[in-house]
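One structure is given here, and the rest of the page talks about it.
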Amino acid sequence: MKVCFCGLGSIGKRHVKNLLAMAREFEIDVEIHALRKTAGILDHRIKGAIAKEITDVNQLDRDYDIAFITNPTNLHYDTMETMADRTRHMFIEKPIFDDREYHISALHLNRDGIYYVAGPLRHSGVIQTMKEIIENEKVCCVRAICSSYLPDWRPDTDYRRSYSARKARGGGVAVDLIHEWDYLTFLFGFPREVYHICGTYSQLEIDSDDTAVYIADYKDKVVELHLDYFGRVERREVEIFTETGTIVGDFINHTISFTDGRKNIYFQEDKNDIYLKEMRWFLDHIVKNQSLNNMEDCYSILKIALGKGIQ
């Protein structure tokens with residue numbers, strides 16, 4: 001299997017390592033190429049896994065099995081356009097695009113290709129189990145939060161230089177933390193209407209939005225979502241209010257707790273486990289040639305996150 005990584009930042013490196021681990025599990029030989037726009041030094045494990053480093057698109061081959069779109073969000077569309085006739089399948093890091101208007105049909109993607117936009121929280125024990133639980137619950141209201149301190153995200157780097165800090169590079173909580181909308185639509189489907197407030201309210205030295213608050217109207221429930229870059233105590237939780245009590249999913253402590261006497265559930269997962277599960281799931285679709293294309297749904301999720309309404 002021949003793959004090309006378009007971008008080797010922190011998430012690209014994570015996916016390289018997980019691809020290698022899953023390739024061993026699937027007993028697949030992998031040849032990895034990397035299209036890079038920077039000369040940053042790679043650690044020995046990543047560098048040793050790269051068969052060919054490419055700095056010019058004209059050096060790209062035209063027979064890749066998978067292209068991993070793992071560069072900054074504002075480059076996704078152009079990169080996908082470049083790779084459209086050079087690869088059979090794509091794995092696209094979230095969010096699918098930035099805040100500009102795009103037309104997926106104009107990419108002329110392979111009709112039989114597998115196109116997956118990442119949503120690792122869907123593969124967590126918390127979400128997978130909550131999905132099963134709420135099938136037998138009458139949900140009245142949902143409250144979700146993702147709050148953390150941006151300067152702590154990437155140790156040993158200046159947060160002010162990160163793509164998260166720069167709106168022009170696709171930063172801002174609305175798109176950076178789109179995982180929340182991804183799992184909420186996975187659990188409950190798409191809302192009828194969404195109200196939102198988004199802006200920069202903290203003292204962080206960024207020009208991207210550091211706060212986004214949403215209220216979503218469903219036929220039978222309301223969903224509240226809070227996102228920020230400045231919470232000094234990290235929180236990533238979803239509270240589901242039902243007719244019999246409250247169910248709380250905690251993504252940091254990997255637990256589901258109940259107020260109605262049911263026994264709490266604990267998951268033995270570390271941060272990388274959900275990414276490994278996601279890579280396994282993706283490769284399984286590739287190996288079995290199972291249809292997969294969530295691009296349109298993910299573009300609709302992006303528009304909700306950006307306050308552009310329900311598509």
Using a distance-only test with no angle check, is there a side-chain donor-acceptor pair under 3.5 angstrom linking [X] and [Y]?
X	Y	result
Ser202	Asp210	yes
Glu180	Tyr214	no
Tyr115	Asn110	no
Arg161	Tyr159	no
Arg86	Tyr64	no
Asp176	Ser164	yes
Ser147	Asp228	yes
Asp98	Thr73	no

For a side-chain contact (heavy atoms from CB on, under 4.5 Å) check, start with the C-alpha distance between Leu8 and Leu42, then their side-chain angles and the critical distance, and finish with the verdict.
CA-CA 9 Å; Leu8 276 181; Leu42 301 174; 4.0 Å; yes
Got a donor-acceptor contact below 3.5 angstrom from the [X] side chain to the [Y] backbone?
X	Y	answer
His254	Asp250	no
Ser162	Asp158	no
His89	Ile114	yes
His196	Val213	no
Thr79	Ile69	no

Which of parallel (below 30°), tilted (30 to 60°) and perpendicular (above 60°) describes Phe188 and Tyr218?
perpendicular
Minimum heavy-atom separation for [X] to [Y], with atom names?
X	Y	result
Val248	Met130	C-CE, 4.0 Å
Glu243	Cys140	CG-SG, 4.0 Å
Ala67	Met83	CB-CE, 3.9 Å
Thr55	Lys37	O-NZ, 3.9 Å
Ile274	Pro120	CB-O, 3.7 Å
Val117	Lys94	CG1-CA, 4.4 Å

Step through the shown structure and confirm whether more than 12 heavy atoms of other residues, nucleotides or ligands are within 6.0 Å of CD on Gln290.
yes
Counting only heavy atoms not in Asp29 (residues, nucleotides, ligands), do more than 12 fall under 6.0 Å from its CG?
no
With a 4.5 Å cut-off on side-chain heavy atoms, are [Y] and [X] touching?
X	Y	result
Ile215	Val222	yes
Leu107	Tyr77	yes
Val142	Leu184	yes

Note: [X]-[Y] ion pair, threshold 4.0 Å (strictly below):
X	Y	result
Lys288	Asp284	yes
Asp182	Arg122	yes
Glu205	Arg160	yes
Glu224	Arg143	no
Lys2	Asp61	yes
Glu31	Lys52	no
Asp207	Lys167	no

Determine whether the aromatic ring centres of [X] and [Y] lie less than 6.0 Å apart.
X	Y	result
His15	Phe5	no
Tyr183	Phe251	yes
Tyr299	Phe97	yes

Spacing of [X] atom [atom1] and [Y] atom [atom2] [to the nearest 0.5 Å]:
X	Y	atom1	atom2	result
Phe282	Leu19	CZ	CG	9.0 Å
Lys303	Cys298	NZ	SG	13.0 Å
Ile145	Leu225	CD1	CG	9.0 Å

Result for salt bridge (charged side-chain N to carboxylate O under 4.0 Å, His left out) between Glu137 and one of Lys221, Arg262, Lys131 points to Arg262
Apply the test side chain to side chain donor-acceptor pair (under 3.5 Å) to residues Trp153 and Ser148: give CA-CA distance (whole Å), side-chain angles for both, the deciding distance (0.1 Å), then the verdict.
CA-CA 8 Å; Trp153 279 28; Ser148 59; 2.9 Å; yes
Please say whether the positively charged group of Arg169, taken as NZ for Lys or CZ for Arg, lies over the ring of Tyr163, i.e. under 6.0 angstrom from the six-membered ring centre and within 45 degrees of the axis.
no
Cation-pi check, Lys271 to Tyr275: give yes when NZ or CZ is under 6.0 Å from the six-membered ring centre and within 45° of the ring axis, no otherwise.
no
